[in-house]
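FYI, the numbering just counts along the sequence from 1. Just so it is clear, the values below take in all heavy atoms, side chains as well, and ignore hydrogens, waters and symmetry mates. As the structure is a computational prediction, the values presented were derived from the model and not from experiment.
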Amino acid sequence: MVDETKWPQLQPGKAACYRIVVEGQLNQEWSGRLGGMQIVASSSEDQSPVTTLSGKVQDQAALMGVLNSLYQLRYKILSVNCEPCDGTNENS
């Protein structure tokens, strides 16, 4: 069970906002397949390409769908972070 005092944004069956960073460049055209997440390509400190996906995910099953799609596309997942949905990282 999730301790809601530490992770108030994580509630079973409820939407949460995530920031996922992958190695490589991912095109904006993949947003639809990845739950409508915002896609921003950039470079890491060592100048290698990375892509950050951010947005609201409806539930844990939808998050797993996004992560499985990235795996199928052969992107190395560098980080997955749950963040407060403050309006700046929501996609719905």
Side-chain angles (χ1 to χ4, degrees):
M1 184 147 226
V2 174
D3 180 355
E4 291 184 27
T5 59
K6 290 183 181 178
W7 300 95
Q9 68 273 31
L10 289 178
Q11 297 178 19
K14 300 231 175 165
C17 292
Y18 288 89
R19 183 173 305 277
I20 303 167
V21 180
V22 298
E23 187 175 82
Q25 287 192 312
L26 185 61
N27 191 309
Q28 276 288 339
E29 295 171 8
W30 288 101
S31 179
R33 180 173 176 180
L34 299 170
M37 297 190 90
Q38 294 179 343
I39 298 173
V40 177
S42 59
S43 297
S44 66
E45 292 176 9
D46 67 355
Q47 299 304 311
S48 60
V50 294
T51 300
T52 302
L53 297 90
S54 59
K56 193 173 197 176
V57 179
Q58 293 307 309
D59 55 26
Q60 294 291 309
L63 174 62
M64 287 306 301
V66 171
L67 296 175
N68 283 332
S69 291
L70 291 168
Y71 175 77
Q72 290 172 350
L73 292 167
R74 304 210 186 279
Y75 282 93
K76 181 179 178 181
I77 298 171
L78 302 175
S79 67
V80 178
N81 295 297
C82 186
E83 302 180 334
C85 292
D86 61 7
T88 60
N89 55 358
E90 293 184 39
N91 62 352
S92 58

- Note on the structure: For G24 and T51, the nearest pair of non-hydrogen atoms, with its separation, is O-OG1, 2.7 Å
- Begin from the C-alpha positions of I20 and L63 and carry the test side chain to side chain contact (heavy atoms under 4.5 Å, CB included) through to its verdict. CA-CA 10 Å; I20 303 167; L63 174 62; 4.2 Å; yes
- Taking side-chain hydrogen bond (donor to acceptor under 3.5 Å, both in side chains) as the test, write out the residues that go with D46, two or more places apart. S44, S48
- Message: Checking Q72 against R33: is there a side-chain donor and acceptor pair closer than 3.5 Å?
- Response: yes
- Query: CD of Q25 to OH of Y75: how many Å apart, nearest 0.5 Å?
  - Reply: 8.5 Å
- Task: Determine the minimum heavy-atom distance between Q28 and V40, stating which atoms define it.
- Result: NE2-N, 4.5 Å
- Item | Close side-chain approach of Y18 and V80, heavy atoms under 4.5 Å | yes
- Task: Tell me whether V21 is reachable from W30 by hopping between hydrophobic residues (I, L, V, M, F, W, Y) whose side-chain heavy atoms are closer than 4.5 Å.
- Result: no
- R19 and S54 have their tightest heavy-atom pair at NH1-CB, 4.0 Å
- Hydrophobic cluster identity match, V66 and I77, side-chain contacts under 4.5 Å: yes
- Query: So how far is it from I39 CD1 to M37 CE, rounded to the nearest 0.5 Å?
  - Reply: 9.0 Å
- Task: Determine whether M64 and L73 fall in the same hydrophobic cluster, where Ile, Leu, Val, Met, Phe, Trp and Tyr are linked whenever their side-chain heavy atoms lie under 4.5 Å apart.
- Result: yes
- Qualifying residues under side-chain hydrogen bond (donor to acceptor under 3.5 Å, both in side chains), relative to E45, sequence neighbours excluded: none
- Query: Are the two sulfur (SG) atoms of C82 and C17 closer than 2.5 Å?
  - Reply: no
- Would you check if L53 and L34 make a side-chain contact, meaning some heavy-atom pair closer than 4.5 Å? yes
- Between the CD atom in E83 and the CG atom in N81, the distance rounded to the nearest 0.5 Å is 6.0 Å
- Message: What I'd like to find out is whether the side chain of V22 reaches to under 4.5 Å of the side chain of T52, using heavy atoms alone.
- Response: no
